[in-house]
Amino acid sequence: MDDIIEASNPSSMANSSGMNNGTQANSSGQQDSFPGAYAMAPSGTNGGSNDIDILPPSEHQSEVLSLGNGPATASNSLFDGGIPVANLVSADRDNTIPEATPEDLEAQMGRRKQRKRPLTWMGALSLAFFLIVLGLVLAIILFKVSKDQKADIEGPVSTVSPSAPPSMPPSQWRQGDIGLQLIPNYTNVMLDDLESAQYHAYQWLLEDIEIHDNKLADEQILQRFALATFYMATNGDSWLRNENWLNHSVHECFWYANDYFLEFDGEIDEYVQAIHPNPCEMPPTNNSDVSVLPEETENTYVHLWLANKNLEGTIPPELFWLTDLRSVSLYNNAGLGDSIPSLIGQLSNLEAINMGSTATSGVLPSELGLLSDTMHSISIINAQLEGSLPSELGLLHRMSDLFVDQNGLTGVVPEELGDASSLQFIYLADNSFTGTFPAFMVHLPLLQLYLDGNLFSGAMPTDIGLLSKIELFGVYGNRFTGTIPTQVAQMSSVGYLDFDDCYFTGTLPSELGLLSDMTGFWAAGNSLTGTISSGIAQNFNLEHFTVAENYLSGTIPTEFGQIANLMTLSLENNNLSGSLPRGLSSNIDWLEVSNNTLLTGSLPASLTSLNWVWLTGTQISGVLPDYVCDIETLEFDCSSILCGCSCTCSNNSNSTAASILARKNETLG
């Protein structure tokens, strides 16, 4: 019928040309409206024929509800199209027509002969036209009478298929206001499935509209339906918290939600405030009536915060009708799965999404690039994403955070990502990315970069020093080769540098000592050679120094005894010689010097906080202090030169750390 508007599939609008405010003019001059918090009903109900007087349908016809593509009110019935209807002549009509008087048959025949004239061809055509018109009128009358009689016997006619939801009385929809014609096809199809979340949410909605006496605003009806569908699709009855959800008497802004986007305290960017009292950003109120909101305030849903609530199932497409959503935080719901639909491009106000520690799978949709004016943070850590990063992420010129570590992402990091010029945090760790170090990243205002646990290869670029604002830099567990560039000394703000488990060669840059803000340096598991420069120990803020499993030689610089904050010293599996520096920090709790066969001397007396100690394969001598007998880990060779705890100082050169630990456990047992 001409007056029904079928909503376009929102996913078809997510193309290279971008969004056009959710509307597209159709051939009749009307506007197709996307479903959403502000999707409105069509302004006209007669297909634009405003100047035609249409005969109103009979009473029983106004009760017909068609659910083909959407409910039709009385104005949408078959007889609303301006078809002329002939009225039957009533049987009790006043009979004022004079009756003919019988005459003699012969006289009658005589008069006929006198009046008889030959018929012209024009007369024949006129007669034929009259008979055609008369036939059409009679056909309409018979059709209408037949249908009315059938309706009186069978009740209102429904176009719904047998498996679709039953028709509902038209009192549950306001005529000329909102109906299923605003709901897209993908939802209408699901209404045929009596087991679907959409079907159950729709049944709830019809009851909701009736309870509210048809006074809900159109946008609120769609908002409540979208949230009800989300509740049904994620097993809402099993959520850890679901107070007021689907309560007809409570406004959806007061259905339960977390009051935080992130559970832990920390730096929260300005675009997402740390706390909101409710999902609609309503200020706290002392009004006990939560069924309504003050008229002067917005009542649209802007924050969906249900992290850590045992959500299970999938996110239904109807959620993306809530085009005013600014943030979605559903992390740590392990049973929440499926891919992120392309409909996300419809959320034109979305600033942040956190789907970490869920079963989110599939590829990141390219439609994320449509959110260039709003998106600031994408966080999908520890999920099941796959495929490559879409190049459209480079369109997000306001994005500062990209957290997609611990997934199954592959391929080369697209150079277009360098166009996201506001990026400060990039976490791509523990995926399977390939290619060389993404050179474009040195031109971004990065504060943190984690590329750990991938398949990157090639040399580290020398212009890495351009990352002068970077605070955390991690590339461990890749296939990088060549030397660690001396230009790291230009990373003046760096606090953590992690080059562990790659294929780096050459020497440790002495310039590392110039990084006064650096508290942690890791370069274990490489093929580094040469000595440990005393210049490195010039950084007195150093807390963690790990260069185990290399080919380093020479002595440990005595300057390490002057680093008061040092907590971790890991030097095992090298070729170091000499003794441990005197005065090593009392804060050291992790001492790892095993398998340096030329290392001699005794444990410095200053080491009073040890909790993890590895001394095997060395010539360290002396008696171990008593307190280390009860620490978490103690491995040493019981010998004639090193004893303590349950190891007696005698010629037990064949005794190993394993036997020492066994005797220790027996003693404790």
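For reference, positions follow the sequence shown, starting with 1. Please read these numbers as outputs of a predicted model, since none were measured by experiment.
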Heavy atoms of other groups near E415 CD, more than 12 under 6.0 Å: no
Polar side-chain atom of H544 near backbone of T519 as donor-acceptor pair, under 3.5 Å: no
Closest heavy-atom pair and its distance - L409, E386: CD2-O, 3.6 Å
Heavy-atom donor-acceptor pair, N539 side chain to A537 backbone, under 3.5 Å: no
Test item: N541 side-chain N/O and D517 main-chain N/O as donor-acceptor pair under 3.5 Å: no
Pairwise side-chain contact, L591 with L580, heavy-atom cut-off 4.5 Å (strictly under): yes
D452 side chain vs Y476 backbone, donor-acceptor pair below 3.5 Å: yes
Working for side-chain contact (heavy atoms from CB on, under 4.5 Å), residues Q487 and D463: CA-CA 7 Å; Q487 287 81 359; D463 55 0; over 6 Å; no
Check: S422 main-chain N/O paired with S400 side-chain donor or acceptor under 3.5 Å: no
Minimum side-chain heavy-atom gap L515-F521 below 4.5 Å: no
Shortest non-hydrogen contact from I315 toward M355: CD1-CE, 3.7 Å
Parallel, tilted or perpendicular: rings of W245 and F230 (30°, 60°): tilted
Shortest non-hydrogen contact from I464 toward M491: O-CG, 3.8 Å
Side-chain touch F437/F456, heavy atoms, less than 4.5 angstrom: no
N308 and N332: CA distance, side-chain angles, deciding distance, side-chain hydrogen bond (donor to acceptor under 3.5 Å, both in side chains) verdict: CA-CA 5 Å; N308 301 302; N332 202 22; 2.3 Å; yes
Main-chain N/O of L584 paired with S606 side-chain donor or acceptor, under 3.5 Å: yes
Distance-minimising heavy-atom pair for L428 and N454: O-ND2, 3.0 Å
Heavy-atom donor-acceptor pair, W239 side chain to T234 backbone, under 3.5 Å: yes
Main-chain N/O of L576 paired to N596 side chain as donor or acceptor, under 3.5 Å: yes
Closest non-hydrogen atom pair, A226 against L322: CB-CD2, 4.0 Å
Residue pair L417, F440: steps toward the side-chain contact (heavy atoms from CB on, under 4.5 Å) verdict: CA-CA 8 Å; L417 189 60; F440 64 83; 3.8 Å; yes
Any side-chain heavy-atom pair of L330 and T360 under 4.5 Å: no
Minimum side-chain heavy-atom gap F320-L325 below 4.5 Å: no
Side-chain heavy-atom pair V488, F499 within 4.5 angstrom cut-off: yes
Expected output: side-chain N431 to main-chain V404 donor-acceptor under 3.5 Å: yes
Polar contact flag, side-chain donor to acceptor under 3.5 angstrom, T300-E219: no
Q223 side chain to E252 backbone, donor-acceptor under 3.5 Å: no
Minimum side-chain heavy-atom gap Y256-N244 below 4.5 Å: no
Side-chain donor-acceptor pair present, N550, N574, cut-off under 3.5 Å: no
Which atom of C502 lies closest to which atom of V475, heavy atoms considered: SG-O, 3.4 Å
Parallel, tilted or perpendicular, as decided by the 30° and 60° cut-offs, for the rings of Y427 and Y450: perpendicular
Heavy atoms from other residues, nucleotides or ligands near OH of Y503 exceed 12 (cutoff 6.0 Å): no
Working for side-chain hydrogen bond (donor to acceptor under 3.5 Å, both in side chains), residues S570 and E592: CA-CA 5 Å; S570 178; E592 197 173 22; 2.6 Å; yes
Contact check, side chains of L512 and I484, non-hydrogen atoms, under 4.5 Å: no
Parallel, tilted or perpendicular: ring planes of H303 versus W305, cut at 30 and 60 degrees: tilted
